[in-house]
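Just so it is clear, the structure is predicted and the values come from calculations on it, not from any experiment.
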Amino acid sequence: MVTPEGNDSTRQRILDAIRAVPRGEVASYGGIARRSGLPGRARLVARVLGENDDADLPWHRILRADGRIAFAAGSRPFREQAKRLRAEGVAVRNGRVQMAEAEETLDAAVWAPR
């Protein structure tokens with residue numbers, strides 16, 4: 001049996017959902033999992049991101065469900081993620097982004113029927 005973790009198409013769906021997050025917007029790990037057809041698999045999204053070697057993937061746009069940056073506060077990756085988000089106009093305060101409104105806006109913009 002092939003698990004979702006071992007499935008290249010599952011990984012690709014996750015990466016495609018991450019790439020679909022527009023500049024200046026954010027999404028949660030769980031939101032990316034849902035958009036990939038994998039509800040409840042936020043940790044799988046985190047694992048795929050952790051294994052990423054594509055420098056162009058907008059990994060910095062993916063946050064915890066409560067809007068927090070997942071890296072340890074003050075660490076180099078934490079500072080890099082906050083810097084990239086701010087460069088895109090995302091307000092980061094104390095390592096956190098206002099999430100609920102951001103995800104609702106993203107879903108409406110990207111996934112709503114036209």
Practice problem: Would you check, one step at a time, whether the test side-chain contact (heavy atoms from CB on, under 4.5 Å) holds for Leu15 with Asp54? | Solution: CA-CA 10 Å; Leu15 293 173; Asp54 178 359; over 6 Å; no

Backbone of [Y] reached by a side-chain donor or acceptor of [X] within 3.5 Å:
X	Y	value
Gln81	Leu63	no
Ser75	Phe71	no
Arg96	Gly67	no
Asn7	Ser9	yes

Exercise. Walk me through it: do Val21 and Val26 pass the test side-chain contact (heavy atoms from CB on, under 4.5 Å)?
Key: CA-CA 7 Å; Val21 178; Val26 296; 5.6 Å; no

Practice problem: State which residue, out of Leu44, Ile18, Ile62, fulfils the side chain to side chain contact (heavy atoms under 4.5 Å, CB included) condition with Tyr29. | Solution: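 The single option meeting the side chain to side chain contact (heavy atoms under 4.5 Å, CB included) with Tyr29 is Ile62.
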
Practice problem: Enter the distance from Leu85:CG to Arg61:CZ here, rounded to the nearest 0.5 Å. | Solution: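 Taking CG in Leu85 and CZ in Arg61, the distance rounds to 8.5 Å.
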
Quiz item: What distance do Leu49 atom CG and Trp59 atom CH2 have between them, rounded to the nearest 0.5 Å?
Solution: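 If we round to the nearest 0.5 Å, Leu49:CG and Trp59:CH2 are 9.5 Å apart.
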
Quiz item: With a 4.5 Å limit on heavy-atom distance, are the side chains of Val45 and Leu38 in contact?
Solution: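 With C-beta onward as the side chain, the pair stays apart.
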
Which pair of heavy atoms, one from [X] and one from [Y], lies closest together, and at what distance?
X	Y	answer
Ala42	Ala33	N-CB, 3.9 Å
Ser28	Ala65	CB-CA, 3.8 Å
Ala17	Ile32	O-CD1, 3.6 Å

Is [Y] paired with [X] through a side-chain N to carboxylate O contact shorter than 4.0 Å?
X	Y	answer
Asp16	Arg13	no
Arg84	Glu80	yes
Asp66	Arg64	no

Quiz item: After noting the C-alpha distance and the side-chain angles of His60 and Glu88, does the key distance pass the side-chain contact (heavy atoms from CB on, under 4.5 Å) rule?
Solution: CA-CA 10 Å; His60 59 282; Glu88 293 185 0; 2.8 Å; yes

Quiz item: So with a 6.0 Å cut-off around CZ of Arg43, is the heavy-atom count from everything else above 12?
Solution: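 No.
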
Self-check item: Side-chain donor-acceptor pair present, Gln12, Asp8, cut-off under 3.5 Å
Solution: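 Side chains of Gln12 and Asp8: no pair found under 3.5 Å.
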
